[in-house]
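Order of the sequence lines sets the chain letters (A, B, ...), proteins ahead of strands, with each chain counted from 1.
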Amino acid sequence: MNPHALQVWLVHAIREHSPVVDLMRTAWAWPIAESFHFLGLCLLIGCVGTFDLRLLGVMRRVPIATVHKLIPFGLLGFAINIVSGSLFLLTEPDQYIYNPSFHFKLLFLAIAGTNASLFYVTSFRRVFTDPSPRLDAPRHAKIIAAISLCAWIGVITAGRLLTFYRPINCTTTDEVLLTCYPD
Amino acid sequence: MNIDPFFLWVESTALSQWVTGSPSVAFGFPGILTLHAIGMGVAAGLATALDLRIFGVARGIPLIEFRRFLPILWAGFWLNAVSGVLLLIGYPTKALTNPVFYLKLTFIFWAMAILVRIDRRVVAGLAGDPARERTLRRMAAVSLVCWIGAIFAGRFLAYTYSRLTALG
């Protein structure tokens, strides 16, 4: 299936089966979901950002494993945003699936996710099972922390810009992904 | 008192018209909104992490060490003060005729005032004894409520305004 056909199929499939449209079209449901999306963002950036900055050398005297205890709350923020974000996507699928800013948001999310996984694969043991509490993170962990901060700022930027790249009717469809309404 | 002439004047300035009319994404309204969202993540996010620490999450982090994040938190705050003033200059009527806007400012004022008071207690070494820990936890709870209130109020601004511009 080519990417364009997949996008069209996704929009139609979501439209036909979405369980949340009625809920999201009630008064204030959309702004309340948006507010939760922003709260989740703060929780995620606050906790993950604090950990990233620790890896980069802020608050160096505190063991990395101690600061890592904030990470579950960052994941809670991420979960809040997956749920609230899905509510938007499942209500207005075409506004996201044909939106270039949404494509970039997914790209930055993929980078952030892959990068975080890399941290646990490459650095977790060295950082957490070190018998002496490691005060300075290994260099590759610092690089991962810097990429993490940039990727999350990218996610916020692409997310905030969604509204300025709403799709219009297609005139040409020669891009890799559709960024306009094909029908 | 009719303050429409003031709104009309602000909206007629070159700065206001740049904010609302610039076709550029990076150097115009979308870019300013984006900075405002990033500043929110930094300021409200780090404040939330500090509040969680006061509630006992990652209690191995000495509060005095957490102070190293405060300059970053303040940078986020000032980024949002500047981007917020620019947005206000762009749409003064929209914000200033909406009571929710004043609610948002009140929440942010108290959130930052409490942050300063928490910081003073930490510096003075008042953290540690149980009675004072309780006070600190109460302050952290109020701080969280203020940030949640500010974020809800901020988001609802887009849905509750009655007038967009002085002319409209």
Ring centroid separation B:F55 to A:F73 under 6.0 Å: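 Ring centres of A:F73 and B:F55 not closer than 6.0 Å.
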Transitively linked via ILVMFWY side-chain contacts under 4.5 Å: [X] with [Y]?
{"X": "A:I71", "Y": "A:I82", "value": "yes"}
{"X": "A:I147", "Y": "A:I45", "value": "yes"}
{"X": "A:L106", "Y": "A:L41", "value": "yes"}
{"X": "B:V100", "Y": "B:I3", "value": "yes"}
{"X": "A:F108", "Y": "A:L162", "value": "yes"}

How far apart are the closest heavy atoms of [X] and [Y], and which atoms are they?
{"X": "B:L52", "Y": "A:C47", "value": "CD1-SG, 3.8 Å"}
{"X": "B:A58", "Y": "A:L70", "value": "CB-CG, 4.3 Å"}
{"X": "A:L161", "Y": "B:P30", "value": "CD2-CB, 3.5 Å"}

Winner by heavy-atom pair count (cut-off under 4.5 Å) against chain A, out of B:L73, B:L46, B:L33, B:L35: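 Counting heavy-atom pairs under 4.5 Å, the top option is B:L33.
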Contacting moiety of B:L50, where chain A heavy atoms sit under 4.5 Å: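 Interface part for B:L50: neither.
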Which atoms of B:I148 approach chain A - backbone, side chain, both or neither, heavy atom under 4.5 Å: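 Its backbone and side chain both get close to chain A.
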Between chain B and chain A: donor-acceptor pairs at under 3.5 Å:
unit_1, atom_1, unit_2, atom_2, d
B:E65, OE2, A:R61, NE, 3.2
B:E65, OE2, A:R61, NH2, 3.1
B:R155, NH1, A:E34, OE1, 2.5
B:R155, NH1, A:E34, OE2, 3.4
B:Y159, OH, A:E34, OE1, 2.7
B:Y159, OH, A:E34, OE2, 3.1

Nearest-0.5 Å distance that lies between atom SG in A:C42 and atom CD1 in B:I151: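 Output value for this atom pair is 3.5 Å.
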Value rounded to 0.5 Å, distance of CZ in B:F66 from CE in A:M59: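 Between B:F66 CZ and A:M59 CE, I get 6.0 Å after rounding to 0.5 Å.
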Tell me, for [X] versus chain B, whether the close heavy atoms (under 4.5 Å) come from the side chain, the backbone, both or neither.
{"X": "A:L39", "value": "both"}
{"X": "A:F164", "value": "side chain"}
{"X": "A:L44", "value": "neither"}

B:Y102, OH atom: more than 12 neighbouring heavy atoms under 6.0 Å: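 More than 12 heavy atoms, drawn from other residues, nucleotides or ligands, come within 6.0 Å of this atom.
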Heavy atoms of other groups near A:F36 CZ, more than 12 under 6.0 Å: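 Not buried by this count: 12 neighbours or fewer within 6.0 Å.
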Stepwise side-chain contact (heavy atoms from CB on, under 4.5 Å) test for B:M40 and A:I156: CA-CA 11 Å; B:M40 173 197 74; A:I156 297 175; over 6 Å; no
